Amino acid sequence: MTIKEIKVITVYVTVITVITVITPESEVNMKIIISNLSDAPIYEQIKDQIKSAILNGELNENELLPSLRQLSRELKISVLTTTRAYTELEQEGFVKNVHGKGCYVLSRGSELIREQIIRDVESNLSLAIKSVRKANISDDELRKMLEVLMEVFDIE
Amino acid sequence: MNDLLEVEGLTKQFDDFLLNNLSFTLPKGFIMGFIGPNGSGKTTTIKLILNMLNRTSGKIKVLGLDNVDNEVLVKENIGGVFDSNYLLDNWTLIDVEIALGMLYKNWDKNKYMSMLNKFKLYPKKQVKELSKGMQMKLMLACAFSHDTKLLILDEPTSGLDPIARDELLDILSEYISDGERSVFFSTHITQDLYKIADYITYINNGKLIYTGTKDDFINNYRIVKGDIKTLTQEQIDHIIGLRRYSSGYEGLIEKGHLRLFKNELCENVVLDDILVFQSREVCNG
């Protein structure tokens with residue numbers, strides 16, 4: 001591979017679409033970043049980012065998501081991809097699609113996501129406990145480890 | 001009427017080529033990519049839609065109307081962008097306006113002038129003085145000046161630089177953004193266009209291989225790479241376009257056969273991969 005080819009590849013690798021979507025009615029300033037290199041499909045990237053926007057309060061209850069066609073146009077992606085992201089968010093109970101009006105954030109959206117995260121945390125902790133038992137490490141040592149790690153994390 | 005373009009059982013017999021029983025539909029408000037290797041019948045299909053060739057059998061409907069019986073009405077509603085432009089070289093862009101204005105009932109001169117302005121095309125220039133990218137924009141300007149519902153592009157991006165291609169994407173997204181218009185474009189490479197396409201119709205050697213949503217199409221395939229020593233006959237039977245090399249092999253598999261390749265590297269594909277491996281399979285026989 002020549003240096004020129006490598007350069008071309010690096011340029012491709014660094015291309016990421018960053019777009020700030022501003023919905024005209026509610027003037028929500030929601031950031032959606034699509035990575036062309038991520039293994040996650042584009043619809044999943046959109047879903048995840050809308051979910052975290054709901055969780056951290058960037059998107060509030062009853063706020064309107066950008067329209068399907070507006071978002072597709074701005075991100076330069078297929079309308080069907082955006083449709084899929086919105087449909088799945090609705091099926092999972094985070095948003096409500098009102099025909100002819102748009103997609104609204106539901107009040108229990110953030111609760112649902114919190115529950116989902118708690119489940120993730122629990123299963124990750126269970127994995128840790130499993131490993132600890134395997135290696136005959138005491139429970140106190142595990143608690144200590146967790147505390148140290150949390151301290152380190154907070155400092156970082 | 002939900003489908004802007006309906007093609008059913010379309011067949012065209014040439015002495016040395018057969019476009020065989022092609023069927024697909026393009027719903028209103030979406031972009032369809034029409035793909036296939038060179039010589040697979042893409043341009044033939046487009047010529048049949050535009051009634052530049054007589055079909056042997058089958059049906060074509062644009063906005064619910066037969067494209068031959070209602071040719072004039074259909075063509076008022078279609079805008080075309082082709083690899084090479086169809087306008088006379090020594091016309092100025094004003095001459096273009098006069099000529100096309102006579103042809104189209106719903107021609108809008110003001111729209112044309114504002115499109116020229118938007119695309120930074122100078123009206124007094126001659127067609128032959130325009131670069132390839134500017135010629136494409138001129139054809140788009142013409143298409144948008146007679147209120148079209150369907151935009152048909154035949155290899156619009158061949159010979160365009162990345163900037164012009166990106167601009168085309170913007171223009172196409174904007175064109176369909178009200179949900180009332182559709183785009184049908186044929187192409188054989190260009191990754192960027194694949195991102196905005198909602199549907200894919202894929203033909204090879206005059207035959208339909210796939211028509212449906214792009215996401216389903218891409219998601220149905222994986223690229224598998226592995227060690228040639230562990231390659232079994234059962235695996236070989238399910239690999240499309242197998243290529244062996246001294247240190248390993250690679251090929252395309254359908255998602256349904258992933259269980260046969262648990263120890264191999266399986267990667268997501270891009271559209272080009274599917275085309276390349278499928279064509280290789282045809283060559284391998």
Side-chain angles (χ1 to χ4, degrees), chain A residues 1 4-5 7-19 21-24 32-48 65-89 91 97-103, chain B residues 2 4 25-33 157 161-163 165-183 185 189-201 211-223 255 265-272:
Chain A
M1 203 185 288
K4 203 178 161 196
E5 277 174 315
K7 269 190 190 155
V8 170
I9 292 171
T10 0
V11 168
Y12 261 97
V13 166
T14 44
V15 171
I16 296 178
T17 324
V18 180
I19 287 192
V21 183
I22 301 164
T23 52
I32 293 189
I33 297 170
I34 302 286
S35 160
N36 292 333
L37 288 168
S38 160
D39 270 346
I42 294 175
Y43 78 89
E44 238 173 65
Q45 296 184 33
I46 297 175
K47 257 177 76 179
D48 286 348
L65 295 184
S67 88
L68 279 177
R69 289 193 173 268
Q70 186 198 353
L71 187 64
S72 312
R73 186 179 153 189
E74 292 185 341
L75 295 173
K76 287 188 207 168
I77 55 170
S78 153
V79 179
L80 290 180
T81 305
T82 324
T83 309
R84 177 157 181 195
Y86 278 27
T87 312
E88 291 193 7
L89 282 172
Q91 280 166 355
N97 191 16
V98 182
H99 200 77
K101 288 199 114 178
C103 239
Chain B
N2 270 322
L4 275 190
T25 52
L26 171 56
K28 191 161 74 176
F30 294 100
I31 298 179
M32 177 179 274
T157 51
D161 65 29
I163 300 147
R165 274 165 31 205
D166 189 64
E167 283 173 337
L168 177 65
L169 286 195
D170 265 342
I171 296 165
L172 295 185
S173 310
E174 189 186 335
Y175 182 72
I176 62 150
S177 63
D178 66 354
E180 293 295 318
R181 302 157 205 274
S182 299
V183 174
F185 68 83
I189 8 161
T190 38
Q191 204 51 46
D192 39 21
L193 280 173
Y194 295 150
K195 208 163 126 188
I196 61 161
D198 300 293
Y199 293 93
I200 291 291
T201 293
T211 183
T213 71
K214 179 201 62 186
D215 289 348
D216 285 349
F217 186 53
I218 292 177
N219 193 30
N220 190 33
Y221 292 99
R222 296 286 184 279
I223 291 220
K255 202 172 72 179
L265 177 69
C266 295
E267 292 176 328
N268 290 339
V269 297
V270 292
L271 273 173
D272 279 357

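Since this is a predicted model, take the numbers as computed values, not measurements. Chain identifiers are assigned alphabetically (A, B, ...) following the order of the sequence lines, protein sequences preceding nucleic acid strands; residue numbering begins at 1 within each chain.
- Rounding to the nearest 0.5 Å places CD of A:Glu74 at 10.5 Å from CG of B:Asp170.
- With a 4.5 Å cut-off on non-hydrogen atoms, B:Ile176 touches chain A through its backbone and its side chain both.
- At a 4.5 Å heavy-atom cutoff, the contact between B:Glu174 and chain A is made by backbone and side-chain atoms alike.
- Contact record, A:Val79 with B:Asp198: N-OD1, 2.6 Å, taken as the closest heavy-atom pair.
- No donor-acceptor distance shorter than 3.5 angstrom exists from the side chain of A:Arg84 to the backbone of B:Asp215, with no hydrogens or angles considered.
- Between A:Leu80 and B:Thr213, the closest heavy-atom pair is CD1-CG2, 3.7 Å.
- With rounding to the nearest 0.5 angstrom, the CG atom of B:Leu169 is 12.5 Å from the CD1 atom of A:Ile77.
- A:Ser78 and B:Ala197 get closest at one heavy-atom pair: CB-O, 3.2 Å.
- Geometrically, A:Arg69 does not engage B:Tyr175 in a cation-pi contact defined by less than 6.0 Å to the ring centre and at most 45° from the axis.
- Within 6.0 Å of atom CG in B:Asn2, 12 or fewer heavy atoms from other residues, nucleotides or ligands are found, so the atom counts as exposed in its surroundings.
- In this structure, chain A has a heavy atom under 4.5 Å from the side chain of B:Asn268, while its backbone stays farther away.
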